[in-house]
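All of these numbers come straight from a predicted model, not from anything done at the bench.
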Amino acid sequence: PEMKALVRDDERERPFAALAQGLGQATPANAVILISGRWTSLEYCVPLLANRRRLSLDRGLNKVDRAKGLAYLRSSLESLRRDGVPVYTLSETFSAKSMTFLLRKYGLLKEEAESLVAPYRPVKAARFKVPGLGEQTLLLMRPNDPKEAARLDKNLRRSGFAAHADLARD
C-alpha cells in the first residue's frame, strides 16, 4: 500500500494508473508485461498498481550498446518462454509511434524489434478503453514452440486463467 502512494495522482498519470490496474485484473499474478517504454508512466505503474513484473524495451535497450540490449531482451524472453511464464504486451508496444520512439532513441530497426517477437504468436486476451490513451488491446504472447506453449497453458490453467490458454484454439 505505501508503494502505491508513490504514483502521483494528477491528470497526466490517471490514464496510465487505470490501464495498469486493468492489466492487474486481466493477467495472472506471475505474468510479465512487455512494454515499449514510450509511456514512461507505465514503467512504474505496472509493478506498483498492476503488481506485475514488466520487461521494458526502453530499459532493455538502455545498455552499453544496442546489440547488448537486444541480447538481454532476447535472453529474458527466452527464459520466460522456457519457464512457461505468461508474457503479455499491449498493442501500443509495437505501434508505429513506439517503433519511431525506439528508432530515434536507440536506432532500433523494425526488423530487430520483429525478431524479438518472432518466437511468439500474439493472441488477443482483452481490450481496454482508457480515456486519454484510447483503446488498447492486451495480447498474450503465445510461444510458437508446442512444448513451450504446453508449459504456458499449464501455468495459465493453474493460475485460474484457463480462458487465456484456450485462446490458441480460436
Side-chain angles (χ1 to χ4, degrees), residues 1-8 13 15-63 68-95 98 101-102 105-106 108 113 115-128 130 133 136-145 147-165 167-168:
E2 303 92 35
M3 291 183 73
K4 292 180 183 185
L6 295 174
V7 177
R8 295 183 307 248
E13 301 296 322
F16 302 105
L19 179 58
Q21 288 170 335
L23 291 171
Q25 294 169 357
T27 59
N30 67 334
V32 172
I33 311 296
L34 176 65
I35 61 174
S36 69
R38 179 174 68 93
W39 289 340
T40 309
S41 298
L42 276 184
E43 293 277 350
Y44 59 86
C45 283
V46 167
L48 293 177
L49 298 176
N51 200 26
R52 300 294 179 267
R53 293 179 293 161
R54 56 118 172 82
L55 181 60
S56 168
L57 296 177
D58 183 28
R59 285 185 180 217
L61 291 167
N62 195 11
K63 302 289 179 202
K68 286 185 180 171
L70 283 167
Y72 163 78
L73 290 166
R74 271 192 200 95
S75 173
S76 297
L77 289 167
E78 181 181 327
S79 175
L80 293 167
R81 271 195 325 276
R82 185 180 55 246
D83 294 342
V85 175
V87 176
Y88 292 83
T89 194
L90 293 167
S91 49
E92 177 279 333
T93 305
F94 294 96
S95 69
S98 293
F101 163 79
L102 294 168
K105 191 167 181 181
Y106 300 106
L108 181 71
S115 75
L116 292 173
V117 295
Y120 296 98
R121 181 176 60 89
V123 292
K124 293 178 184 175
R127 288 207 172 156
F128 304 100
V130 182
L133 299 179
Q136 289 296 313
T137 302
L138 178 66
L139 303 165
L140 171 63
M141 302 300 288
R142 224 175 136 62
N144 292 325
D145 180 271
K147 288 181 183 175
E148 292 173 344
R151 268 192 298 276
L152 171 66
D153 290 345
K154 182 178 179 182
N155 285 338
L156 286 168
R157 285 188 176 86
R158 191 179 306 145
S159 61
F161 280 78
H164 287 195
L167 291 172

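Side-chain atoms of R81 do not come within 3.5 Å of backbone N or O of P86 as any donor-acceptor pair. The backbone N or O of L23 lies less than 3.5 Å from a partner atom in the side chain of T27, making a donor-acceptor pair. Judged purely by atom type and a 3.5 angstrom limit, Y106 uses its side chain to pair as donor or acceptor with the backbone of D58. Counting only distance, with no hydrogens or angles, the side chain of R52 and the backbone of G24 share a donor-acceptor pair below 3.5 Å. Proximity of a side-chain donor or acceptor of R54 to a complementary backbone N or O of E43 within less than 3.5 Å is detected. Counting only distance, with no hydrogens or angles, the side chain of N51 and the backbone of A29 share no donor-acceptor pair below 3.5 Å.
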(message) Determine whether F128 and L19 satisfy the following criterion, side-chain contact (heavy atoms from CB on, under 4.5 Å), listing intermediate values before the conclusion.
(response) CA-CA 7 Å; F128 304 100; L19 179 58; 3.9 Å; yes
(request) Begin from the C-alpha positions of W39 and L133 and carry the test side-chain contact (heavy atoms from CB on, under 4.5 Å) through to its verdict. (result) CA-CA 10 Å; W39 289 340; L133 299 179; 4.1 Å; yes
(message) L156 vs L140, test: side-chain contact (heavy atoms from CB on, under 4.5 Å). Steps then yes/no.
(response) CA-CA 11 Å; L156 286 168; L140 171 63; 4.0 Å; yes
(request) Assess whether side-chain contact (heavy atoms from CB on, under 4.5 Å) is satisfied between L90 and L34, documenting all intermediate values. (result) CA-CA 8 Å; L90 293 167; L34 176 65; over 6 Å; no
(request) Step by step, work out the salt bridge (Lys or Arg N to Asp or Glu O under 4.0 Å) result for D83 and R151. (result) CA-CA 7 Å; D83 294 342; R151 268 192 298 276; over 6 Å; no
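The environment of K124 atom NZ is sparse: at most 12 non-hydrogen atoms of other residues, nucleotides or ligands sit within 6.0 angstrom. Other residues, nucleotides and ligands place more than 12 heavy atoms under 6.0 Å from the CZ atom of F101.
The one candidate from L152, V117, L77 that meets the side-chain contact (heavy atoms from CB on, under 4.5 Å) condition with V87 is L77. Residue L57 forms a side-chain contact (heavy atoms from CB on, under 4.5 Å) with just one option from T89, I35, T93, and that option is T93.
In the model, R158 has a side-chain atom that pairs as donor or acceptor with a side-chain atom of N155 under 3.5 Å.
Considering only residues two or more places apart in sequence or on other chains, R38 meets the salt bridge (charged side-chain N to carboxylate O under 4.0 Å, His left out) condition with E92.
Rounding to the nearest 0.5 Å places CG of L70 at 6.5 Å from OG of S115.
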